[in-house]
Amino acid sequence: MTQQKQSEAATSRFIDIQEGDKTLHIHYNDCGSGDETVIMLHGSGPGATGWANFNRNIDPLVEAGYRVILLDCPGWGKSDSIINTGSRSDLNARILKGLVDALDLEKVHLLGNSMGGHSAVAFTLTWPERVGKLVLMGGGTGGMSLFTPMPTEGIKLLQGVCREPTIDNLKKMMNIFVYDTSALTEELFAARLENMLSRRDHLDNFIKSGEANPKQFPDFTPRLGEIKAQTLIVWGRNDRFVPMDTGLRLLAGIAGSELHVYRDCGHWAQWEHADAFNRLVLDFLGR
Ligand SMILES: O=C(O)CCC(=O)/C=C/C=C(\O)C(=O)O
């Protein structure tokens, strides 16, 4: 990996967004400039942030002339925490709407990882006129799998880390994020552990949210036909968090969609196969 050009500190921004009767202080990173904007939405793992999920994808998109915005959803990173009792996909979509309105962005491309994919679909269903293209990676809708018992082993480990945020539990979870564990370094584990432990409130509230409403990510399958945006669906063949047949459901439901499956790839295609993923996304956005 070459030295990263954009830095987290230099691109870090905050905004206050009204959510019901609360004002949430929301963190995002704003990188590069360009006529077209790509907003990246991270997954729901403990310690995830826009930067943690997408640090291998920012520079190539910025260098290709896109403005790249990474939103930390409520309950993650430096954004305010929240106990969420409704649809978290829709909560994140409302926060995203607040952000695009405040930044005066008429239309944006959305790139979502896992929960971020679910949230991108929720946003598209409610505000289709604000969406250019969609990239859904390892996510896009909740719902059952025909082949894999739910919750998946990955989601069970993820919940275990939130309940008991130890380095051992974190390593068990991260070891199945990816196909090739040799790429996971002690430095990466340490950064993720620091993210987690610096915001214990996020972990506690994630568990409380799940207890209040176990269906945080609703099944959008019956509504997928409403999506008109051109959509690139990306999956890892060896995903142990969100089963690959979720990608097939998205492909069947969204008329303007195509699916790319990486071999030797877990739930973090954007990280594990970063170079190929960046080329794929740039080709799709540029068409
Ligand atoms: O439960 C779901 O359907 C979503 C799970 C999810 O978002 C997991 C994401 C994990 C990461 O990508 C991460 O923590 O980096």
Side-chain angles (χ1 to χ4, degrees), residues 40-57 70-77 79 84 87-93 110-122 135-145 148-162 165 169-179 183-184 188-189 191-196 199 202-203 206-207 209-210 213-221 233-236 238-247 249-250 262 265-274 277:
M40 299 187 179
L41 301 166
H42 61 79
S44 70
T49 63
W51 202 269
N53 268 197
F54 296 112
N55 57 72
R56 293 186 168 182
N57 318 108
L70 311 160
L71 169 66
D72 286 352
C73 296
W76 278 270
S79 288
N84 176 63
S87 155
R88 193 182 284 280
S89 313
D90 289 284
L91 164 70
N92 294 339
L110 298 178
L111 190 161
N113 161 34
S114 203
M115 170 183 79
H118 308 341
S119 310
V121 164
V135 182
L136 306 175
M137 198 201 62
T141 178
M144 56 172 258
S145 163
T148 310
M150 300 289 223
T152 58
E153 53 175 335
I155 297 299
K156 282 197 248 177
L157 289 178
L158 184 156
Q159 290 165 349
V161 178
C162 292
N169 283 347
L170 177 68
K171 284 185 175 178
K172 272 189 215 150
M173 178 189 77
M174 289 182 72
N175 277 331
I176 73 159
F177 264 150
V178 292
Y179 173 81
L184 298 175
L188 186 68
F189 291 131
R192 192 81 186 212
L193 187 69
E194 191 187 320
N195 277 359
M196 269 166 42
R199 293 301 300 259
H202 287 342
L203 308 186
F206 185 78
I207 295 297
S209 301
N213 173 22
K215 288 202 169 23
Q216 292 280 309
F217 304 118
D219 185 358
F220 292 128
T221 307
I233 303 161
V234 182
W235 233 269
N238 314 90
D239 192 327
R240 293 157 76 181
F241 279 76
V242 182
M244 209 192 76
D245 57 302
T246 307
R249 261 194 292 141
L250 294 166
Y262 286 104
C265 180
H267 192 53
W268 264 2
Q270 87 289 4
W271 188 86
E272 206 170 7
H273 291 266
F277 176 83

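Residue numbers count from 1 along this sequence. Remember, it's 1-based here, ligands and their atoms both numbered in the order they're listed.
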- Item | Test item: side-chain donor near acceptor, Arg88 and Ser209, under 3.5 Å | yes
- Ligand-residue contact atoms, ligand 1 with Ser114, heavy atoms, under 4.0 Å: 4 (C), 5 (C), 6 (C), 7 (O), 8 (C), 9 (C)
- Applying side-chain hydrogen bond (donor to acceptor under 3.5 Å, both in side chains) to Asp245 and not counting sequence neighbours gives Ser145
- Message: Can you confirm whether the side chains of Ser114 and His267 place a donor and an acceptor under 3.5 Å from each other?
- Response: yes
- Item | Closest approach of any protein heavy atom to atom 1 (O) of ligand 1, naming residue and atom | Ile155 CD1, 3.4 Å
- Task: May I ask you to check whether His202 and Trp76 place their ring centers less than 6.0 Å from one another?
- Result: no
- Query: Where on Ala48 is there a heavy atom closer than 4.0 Å to ligand 1, on the side chain, on the backbone, on both, or on neither?
  - Reply: side chain
- Item | Check: Phe241 N/O within less than 3.5 Å of ligand 1 N/O | no
- For residues Pro165 and Leu193, report the shortest heavy-atom separation together with the two atoms involved. O-CD1, 4.2 Å
- Could you tell me which residues satisfy ring-ring contact (aromatic ring centres under 6.0 Å, His included) with Phe217, sequence neighbours excluded, listed by chain and number? His118
- May I ask you to list the atoms of ligand 1 that are less than 4.0 angstrom from any heavy atom of Phe177? 10 (C), 11 (C), 13 (C), 14 (O), 15 (O)
- Query: Looking only at atom types and distance, does a side-chain atom of Ser79 sit under 3.5 Å from a main-chain N or O of Pro74, one as donor and one as acceptor?
  - Reply: no
- Message: Test your reading of the model: is there a side-chain donor-acceptor pair from Arg249 to the backbone of Met144, 3.5 Å cut-off?
- Response: yes
- Closest to atom 15 (O) of ligand 1 among protein heavy atoms sits Asn53 ND2, 2.8 Å
- Met115-ligand 1 polar pair, N/O distance under 3.5 Å: yes
- Checking heavy atoms under 4.0 Å, the part of His118 that sits near ligand 1 is side chain
- Query: Which ligand 1 atoms are under 4.0 Å away from a heavy-atom of Asn113?
  - Reply: 12 (O)
- Message: Need the ligand 1 atom indices (1-based, order shown) with element for anything under 4.0 Å from a heavy-atom of Gly43.
- Response: 7 (O), 9 (C)
- Count the heavy atoms of every other residue, nucleotide or ligand shown that sit under 6.0 Å from CD of Glu153, and state whether that count exceeds 12. yes
- Query: Between Arg192 and ligand 1, which part of the residue brings a heavy atom under 4.0 Å of the ligand: side chain, backbone, both or neither?
  - Reply: side chain
- Interfacing atoms of ligand 1 (cut-off 4.0 Å, heavy-atom, Trp268): 11 (C), 12 (O), 13 (C), 15 (O)
- Query: For ligand 1, does His42 get within less than 4.0 Å through its side chain, its backbone, both, or neither, judged by non-hydrogen atoms?
  - Reply: neither
